[in-house]
Amino acid sequence: MSSDNSRGDSGAEGAPPEQLALIRESVRKAKEPRAKPRTWRGAALAKELPVARVLVDKGVLHLDRYFDYAVPEELDAEAQPGVRVRVRFGAGRHRVREGRREGGGLIDGFLVERRAESDYSGPLAALAQVVSPEPVLSEELLGLARAVADRYAGSLADVLQLAVPPRSARAEQRPSPAPLPPPPAPEAGSWARYERGAAFLEALASGGAPRAVWNALAGPEWSAELARAVAATLASGRGALVVVPDGRTASRVDAELTALLGEGRHALLTAEAGPEKRYGEWLAVRRGSVRAVVGTRAAMFAPVQDLGLVAIWDDGDDSHSEQHAPQPHARDVLLLRAAQDKCAFLLGSWSCTVEAAQLVESGWARPLVAVRDQVRAAAPLIRTVGDQDLARDEAARAARLPSLAWQVVRDGLRHGPVLVQVPRRGYVPRMACAQCRAPARCRHCAGPLQARDAGALRCGWCGREEGSWHCPECGAFRLRAQVVGARRTAEELGRAFPAVPVRTSGREQVLDTVPGAPALVVSTPGAEPVAEGGYAAALLLDGWAMLGRPDLRAGEDALRRWIAASALVRPQGDGGTVVVVAEPTLRPVQALVRWDPVGHAVRELAERAELGFPPVSRMAAVSGTAEAVAEFLAMVELPSQAEVLGPVPLPVTPVAAGRSRRAGAPPAGEQWVRALVRVPPGRGSALAAALKAAQAARMARGSGAALWVRIDPPDIG
DNA sequence: AGCACGCCGACT
DNA sequence: GTCGGCGTGCTC
């Protein structure tokens, strides 16, 4: 049967209803496996490749597949792969009685492919509109989005919403500038301080794809080093992408790139620019006018052409986790990109996450480190104040500050600014051995024990009660809740040194830099200003607060924050000193004293492997009402060896605090539960696939109750 | 999610 | 006979 679209009445509202009914009937009866494209309107179609495969822009999982549409002749030229389109979508074909096809509104989508035939055995609806001829969704970007959706059990449309910025017609109309020729390969510069630093740069410059986990030396040179890695990649004729945690850090790297490459070779992609400007920059990158990008997490999808290097700075910072579904982490997206584009990979940090250690241990990446002597020389001297010191120190108890700390601050203020790091509010205390401070863990699943009502102990993962806890480390029977400390100390310090100005940097107002003159700089973690010439000293307060969070990462995180603050302090050769108020026997404190974040991460990794924790095992969280979670767990076909922990009740969001409507958080006042599912190494994709399939089936059935599935939950206690 | 189909009971 | 209840399934 040949096409019935030969009449060419493209402008008419449609064929007579009888004919439409006839088409439908014949299609139904003939059951052709591969229908020639036909439209309800009978409009003239494109002569070549008259079928457009379209991804409809709806995040729902059961629509996470392509739909075929017919390409009308007049849209033939513009309807190219990658463009944004609008199509009619939804049930509504039965309105043909009135002679036209109405129901089903216009929705947005992406044209993914042009084909000769459809494997859909019904008449195709026609593309309604090509929104713009700009091919925003390249094959590479589609492939990446697909991989991210699979990894996180999310829908392709959700990922594309993160990956492709909203259109701005004005930005699209402006032509992007002509690309500049590749710059010369840069000198090794301060990369020479690292054992394999110069070799890494040379590999980038000569078109290679080295993969490294870079433990940066303390001090301010890291941003220039990142810029050199970008320049080396550009020199090879390829593009480069750098993702950093926040806008402040992005502008630091941006400044180094401008210093090294001049204007016009790189783009800065952060949320601070407005949507139009941002889309303009994004387009310049996509069109190949600009070959290098530095930006915050949304830049992880930046469509850099001929990508040669992806880099991430400080992957332990939680702003690398996307807040929108399916909540991918920049490190993992860049890992997928490196694998897909076969490009170089650089993960840099002053500290070291367990995930980074795993990349090295698995042999996927090589360590990029300095020799021990260099490491120690670049770092300040670290001194600790623990419980014993506090107990001995009567004055300290009264003033809440030990005399060693007073002394270091006083000496430091003679030579320059002194940083005081105070914890942010809102950490939840968890239980630990009163004697040795080992975190109290469930004997069944090794989850964190938490004190519930009336002092009953309960596991935060599997919900089992613990009636007769004793410490597996030292045998003690008593527990203590680890306390959250005060920022009053900062005020006290200010009063104690009345001649010195006190400056604060925190959530409300983040200072970028402070001058090299003596001053007390009080800051929360992550908001520390850079001091001109480095801080003379730093005081890290309330180590208990940072270590006491009921989180698997508490140790790693505390160390990362301490190291980030200490890295802003002058080297010990120049008198730089840091005092940390925390028990010196604790592992993260010892790692800080030795300045050995990598060793710390390696030990954590070994322990996680033994206990079946992520990232060695893959975990997923399923949260919702008790009924929804139970129903979901009953129907999901989990891969073999999968283990379900819980469900346990989640804390109820106070009605007053309804402002923080985080993705996956229960609505204010509603009681939700959470189950954790874990699988052994290598079964992660099977787990994601199973969860996604079950979620899709649930949605298709229209089970109304909200339910959240989160791969790699960040807060598993 | 919409929205239309379809296979059951009360109605002009 | 026909209108219409909402349970079920599809959306190119």
Side-chain angles (χ1 to χ4, degrees), chain A residues 1 3-5 14-15 17 20-21 23-43 45-46 49-72 75-76 79 81 83-131 137 142 154-158 161 325 624 628 631 635 692-709:
Chain A
M1 195 166 112
S3 165
D4 5 56
N5 301 304
L20 291 168
I23 294 168
R24 205 170 112 227
E25 279 311 295
S26 64
V27 166
R28 286 262 165 96
K29 285 199 180 116
K31 273 229 164 115
E32 285 175 290
R34 306 198 139 229
K36 287 283 188 309
R38 255 158 297 141
T39 71
W40 288 108
R41 292 176 164 195
L45 295 189
L49 306 178
V51 174
R53 190 146 273 193
V54 171
L55 179 86
V56 297
D57 195 6
K58 279 198 155 196
V60 272
L61 281 173
H62 58 285
L63 295 179
D64 200 22
R65 57 199 165 99
Y66 301 134
F67 290 87
D68 286 346
Y69 285 81
V71 181
L75 295 182
D76 183 25
V83 300
R84 303 179 210 251
V85 294
R86 285 170 76 74
V87 294
R88 287 209 177 276
F89 189 82
R93 64 170 171 276
H94 302 287
R95 293 282 210 89
V96 286
R97 259 186 265 139
E98 290 136 50
R100 66 180 81 153
R101 185 173 179 278
E102 285 180 335
L106 281 178
I107 71 167
D108 292 317
F110 295 96
L111 200 165
V112 160
E113 190 191 354
R114 288 282 298 266
R115 332 176 87 219
E117 296 184 314
S118 169
D119 41 22
Y120 177 65
S121 60
L124 301 183
L127 290 180
Q129 189 193 345
V130 172
V131 175
L137 183 61
L142 177 63
S155 76
L156 188 54
D158 275 349
Q161 205 140 45
E631 182 206 12
M635 70 182 289
K692 185 168 170 171
Q695 194 48 324
R698 226 181 66 90
M699 295 306 284
R701 271 195 297 119
S703 314
L707 184 115
W708 282 87
V709 173

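Quick note on labels: first sequence line is chain A, next is B, and so on, each numbered from 1.
Here dT11(C) presents its C1' atom at 16 Å from CG of Asp57(A), a figure rounded to the nearest Å. At whole-Å resolution of the value, CZ in Phe67(A) and C1' in dC10(C) are 9 Å apart. Following rounding to the nearest Å, Leu707(A) (CG) and dA1(B) (C1') show an atom-to-atom distance of 17 Å. Distance CZ (Arg88(A)) to P (dG2(B)): 16 Å, rounded to an integer number of Å. Note: CG (Asp108(A)) to P (dC12(C)) measures 16 Å, nearest angstrom. With rounding to whole Å, Asp68(A) atom CG is found 13 Å from dT11(C) atom C1'. Rounded to whole Å, the distance from CG on Leu106(A) to P on dA1(B) is 22 Å. To the nearest angstrom, P of dC10(C) lies 13 Å from CZ of Phe89(A).
Residues satisfying the salt bridge (Lys or Arg N to Asp or Glu O under 4.0 Å) test with Arg86(A), not counting sequence neighbours, are Asp108(A). Scored by the side-chain contact (heavy atoms from CB on, under 4.5 Å) test, Ala128(A) finds Leu106(A) as partners (sequence neighbours excluded).
The side-chain contact (heavy atoms from CB on, under 4.5 Å) test with Val54(A) is passed by exactly one of Phe89(A), Tyr69(A), Phe110(A): Tyr69(A).
The two residues Ala46(A) and Arg114(A) have their closest heavy-atom pair at CB-NH2, 3.6 Å.
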